[in-house]
Amino acid sequence: MQALENKILAEGRICKGGVLKVGTFLNQQLDVKFLFEIGEHIASLYKDSGVTRVLTIEASGIAIAVPAAYYLGVNVSFVKKSRSSNMSDDCYSSKGHSFTHGDDYNAVISKEFILPGDRVLIVDDFLAEGNAVNAMVDIVKQAGATVVGCAIAIEKAFQGGGDKLRAQGYRVESLALIECMTDDGITFGTR
Ligand code: 5GP
């Protein structure tokens, strides 16, 4: 998506350890109009896939998942990174590892929010090593539902998570795919 690549080049900040900051529109401030353009683009890619539910992980994935689900005409379920007191005891869970925080978490969602037979589109803001998406794939499988694909705003392909998922046969669509990111700049690619 050319508009997203342009926005990354104009507003993104490359930080230590292969982290890209896009706080101006996605991670700390939400550019709502732009996020709805992203959502519309995702919906156009998966409009014929029979999606019944969008699944994401807190927090920033929700910002992409909501507009994508709006245009697909379905609801969003989101996985939490820790169990909270208002959740039922009957949960699916999967171990995750946070690339940005460097620690492990327990991805968890109440069983009532993914149903057997659901056709699930997994959505997230970033795809790096693939831990967050893998945890969601695991949860969808536990629920007896089907992953129809993944839609990612920004894939950092040099970290390999996206290609591992593709090698397993999952459809992974990334609106901006970064092949290389150095102090000298960003190189985008396609899959
Ligand atoms: P993965 O689990 O694929 O290694 O990393 C994806 C998750 O880590 C996303 O949910 C996202 O929140 C976070 N993440 C990974 N890389 C970056 C990055 O470069 N910038 C930001 N803002 N978040 C990232």
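Remember, it's a predicted structure, so these values are computed and weren't measured experimentally. Indexing begins at 1, ligand by ligand and atom by atom, following the structure's order. Side chains are part of it too, since the values below use all heavy atoms of this structure and drop only hydrogens, waters and symmetry mates.
Contact annotation: for Thr100 versus ligand 1, heavy atoms closer than 4.0 Å belong to the side chain alone. Contacts between Val22 and ligand 1 below 4.0 angstrom, taking non-hydrogen atoms only, are absent altogether.
For atom 4 (O) of ligand 1, the nearest protein heavy atom (residue, atom name, distance) is Glu129 N, 2.8 Å. Counting only heavy atoms of the protein, atom 7 (C) of ligand 1 lies nearest to Phe126 O, 4.2 Å. The protein atom (non-hydrogen) at minimum distance from atom 5 (O) of ligand 1 is Ala128 CB, 3.6 Å. Atom 10 (O) of ligand 1 has its closest protein heavy atom at Asp124 OD2, 2.8 Å. Of the protein's non-hydrogen atoms, the one nearest atom 11 (C) of ligand 1 is Asp125 OD1, 3.5 Å. Protein heavy atom nearest atom 15 (C) of ligand 1, with residue, atom name and distance: Phe99 CD2, 3.5 Å. Protein heavy atom nearest atom 17 (C) of ligand 1, with residue, atom name and distance: Lys156 NZ, 3.4 Å. Looking at atom 22 (N) of ligand 1, its nearest protein heavy atom turns out to be Asn27 OD1, 2.8 Å.
Contact annotation: the side chain of Leu20 approaches that of Ile14 to within less than 4.5 Å [non-hydrogen atoms, C-beta and beyond]. You'll find the side chain of Asp124 stays beyond 4.5 Å of the side chain of Ile64, heavy atoms only. Phe113 is not listed as a side-chain neighbour of Phe78, based on a closest heavy-atom distance of 4.5 Å or more.
Between Asp125 atom CG and Thr56 atom OG1 the span is 7.0 Å, to the nearest 0.5 Å.
Not a single heavy atom of Gly161 sits less than 4.0 Å from an atom of ligand 1. Ligand 1 lies out of reach of Lys21, whose nearest heavy atom is not under 4.0 Å from it.
Residue contact check: Leu20 has heavy atoms under 4.0 Å from atoms 18 (C), 19 (O), 20 (N), 21 (C), 22 (N) of ligand 1. The distance from ligand 1 to the heavy atoms of Ala132 drops below 4.0 Å at these ligand atoms: 2 (O).
There is no side-chain donor-acceptor pair under 3.5 Å between Asp90 and Ser88. Inspection of the Ser77 and Arg53 side chains reveals an N or O donor paired with an N or O acceptor under 3.5 Å. Side-chain contact annotation: Asn131 with His97, donor-acceptor N/O pair under 3.5 Å absent. For the residue pair Thr24/Glu11, the side-chain donor-acceptor check at 3.5 Å is satisfied.
For ligand 1, the polar-atom distance check finds an N/O of Gly130 within less than 3.5 Å of one of the ligand's N/O atoms. Close N/O approach between Asn131 and ligand 1 is found [any backbone or side-chain N/O within under 3.5 Å].
For the salt bridge (Lys or Arg N to Asp or Glu O under 4.0 Å) test, no residue two or more places apart in sequence or in another chain qualifies with Lys16.
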Asp163/Arg166 under salt bridge (Lys or Arg N to Asp or Glu O under 4.0 Å): CA gap, chis, key distance, verdict: CA-CA 5 Å; Asp163 285 339; Arg166 292 184 185 96; 2.9 Å; yes
